[in-house]
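Worksheet for the structure shown next.
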Amino acid sequence: MTRSDGGSFHQMWRELLPIGRHPASGGYRRFAWSGVDGDCRAWFEEQATARGLRYEVDRNGNQWAWLGDPAEGDAVVTGSHLDSVPDGGAFDGPLGVVSAFAALDELRDRGARFDRPLAIVNFGDEEGARFGLACVGSRLTAGQLTREQAHRLTDGDGVTLPRAMEAAGYDPDAIGPDPERLARIGAFVELHVEQGRALDLSGDRVGIASAIWPHGRWRFDFRGEANHAGTTRLADRHDPMLSYAETVLAARREAELAGAVATFGKITVEPNGVNAIPSLVRGWLDSRAEDQVSLDTVVGGIEKAARSYADAHGVDLDIVRESFTPVVEFDHALRDELARILGTDTDLTVPVLGTGAGHDAGILSGSIPTAMLFVRNPTGVSHSPAESASEDDCVAGVLALADVLEGLACR
Ligand code: GLV
Ligand code: MN
Ligand code: MN
């Protein structure tokens with residue numbers, strides 16, 4: 001077997017790098033169904049057709065590039081997503097897609113002969129940065145989100161998901177579950193940059209995922225009374241910012257107590273005037289824990305605290321759970337197969353790691369066998385322009401993915 005230096009990886013990486021990078025922050029703004037997302041999607045289609053793969057977009061706007069006939073069934077699928085969080089890093093998502101094409105190139109260089117259909121996929125709207133719900137493309141496909149629910153999703157400018165899809169050239173009335181597609185897939189393997197430092201600490205380039213923590217997003221609406229910042233006595237105010245601020249501190253406290261994480265990372269304020277007491281503070285809580293009981297404890301504790309702070313300030317509070325993903329335990333047989341293919345079995349050359357980050361592979365794990373490979377990230381930073389992975393580690397990821405695809409799909 002010949003092993004390449006990942007040559008096609010570097011070229012594809014360079015092509016994708018400028019798309020959607022903000023000149024001031026250096027971070028990526030690749031939001032679902034935007035023009036930049038369209039540029040990324042055009043890039044995907046070019047890669048597919050340049051390799052003679054059969055390109056298609058499914059009913060939910062996910063892009064597929066097929067080698068072999070999907071109707072044969074038991075397909076091996078790999079890929080990830082190309083969208084980003086606001087000012088995200090270059091790797092979260094694109095590393096899995098670029099590595100998928102590069103792994104196929106590597107296998108062709110090796111003269112591999114496939115006896116299962118193979119597909120590369122780009123799932124739409126994984127991060128949920130625009131409409132608030134993560135993994136929309138895979139959730140719709142798996143039937144975890146209905147068309148009606150998806151049609152109600154609205155971005156910060158009041159644009160609904162169907163209007164955004166339509167503007168990007170897709171039919172929003174076609175969206176919905178896709179069980180026939182899933183029934184043709186025997187395994188989905190997603191390669192992803194690690195979003196933590198476990199591999200850096202263990203000194204390994206590549207790891208295998210074991211599980212994803214249960215996680216969700218909750219919207220907290222604190223409604224008070226707008227008034228003049230200069231003339232309203234402190235005692236007369238119903239300032240929702242105060243109860244919001246106290247709730248942020250409570251979230252930190254509750255998460256610490258439970259060994260979990262809780263983050264208020266997004267906020268909108270009305271009327272958002274420097275000299276006006278706010279009428280509304282809307283904050284979004286993202287919370288994750290190793291198990292469901294801990295997550296319930298954290299979120300329950302934050303809700304209770306928030307209600308008592310709101311009462312104390314004469315502020316109304318509504319809390320809505322906007323999304324939830326239960327704990328994911330990746331398919332043991334597929335995980336063990338990856339470990340066997342990568343030559344580890346139990347000697348931990350390729351460590352098996354849990355993660356607090358959500359992924360399309362997690363959503364699909366309820367429908368089909370899924371697995372993940374992680375590539376070392378020396379700082380562990382993610383969802384930030386500082387996210388990184390060395391070129392050598394990216395190539396090691398491509399080769400590991402090629403080994404896995406060869407082991408699963410080739411004779
Ligand atoms: C997606 O990356 C998430 O974990 O929120
Ligand atoms: Mn992400
Ligand atoms: Mn991701």
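Whatever order the structure lists ligands and atoms in, that order sets their numbers, starting from 1.
When each of Trp13, Tyr28, Phe374 is tested with Phe91 by the rule ring pair (Phe, Tyr, Trp, His ring centres under 6.0 Å), just one qualifies, namely Trp13.
Arg288 counts as a contact of ligand 1, since one of its heavy atoms falls under 4.0 Å from the ligand. Using a 4.0 Å heavy-atom cutoff, His383 is listed among the residues neighbouring ligand 1.
Crowding of Glu56 atom CD: a count of heavy atoms from other residues, nucleotides or ligands under 6.0 Å exceeding 12.
Not one N, O or S atom of Asp360 sits under 2.8 Å from the Mn ion (ligand 3). Among the atoms of His359, none of the N, O or S atoms falls under 2.8 Å from the Mn ion (ligand 3).
Ion pairing between Arg335 and Glu329 holds under the 4.0 Å rule for side-chain N and carboxylate O. A salt bridge does not link Arg152 with Glu148: every distance from a Lys NZ or Arg NE/NH1/NH2 to an Asp or Glu carboxylate oxygen is 4.0 Å or more. Taking a cutoff of 4.0 Å between a charged side-chain nitrogen and a carboxylate oxygen, Lys266 and Asp286 do not qualify as a salt bridge. Salt bridge Arg184/Glu180: absent, no basic N to carboxylate O contact under 4.0 Å. Here Asp403 pairs with Arg110 in a salt bridge; the nearest charged N to carboxylate O distance falls below 4.0 Å.
Proximity of His215 to ligand 1, defined as any heavy-atom pair under 4.0 Å, is not found for any part of the residue.
The Mn ion (ligand 3) is closest to atom OD1 of Asp92 (considering only N, O or S atoms).
Of all protein heavy atoms, the one lying nearest to atom 1 (C) of ligand 1 is Glu127 OE1, 3.2 Å.
If you put the vertex on the Mn ion (ligand 3), NE2 of His192 and NE2 of His81 sit 130° apart, to the nearest 10°. Considering the Mn ion (ligand 2) as centre, the angle to OE2 of Glu127 and to NE2 of His383 is 110° (10° rounding).
Using a 4.0 Å cut-off to heavy atoms of Ala357, the atoms of ligand 1 that qualify are 4 (O).
Backbone and side-chain nitrogen or oxygen atoms of Gly358 are examined, and one is located within less than 3.5 angstrom of a nitrogen or oxygen of ligand 1.
No close placement of the Phe222 and Tyr309 rings is indicated, their centers lying 6.0 Å or farther apart.
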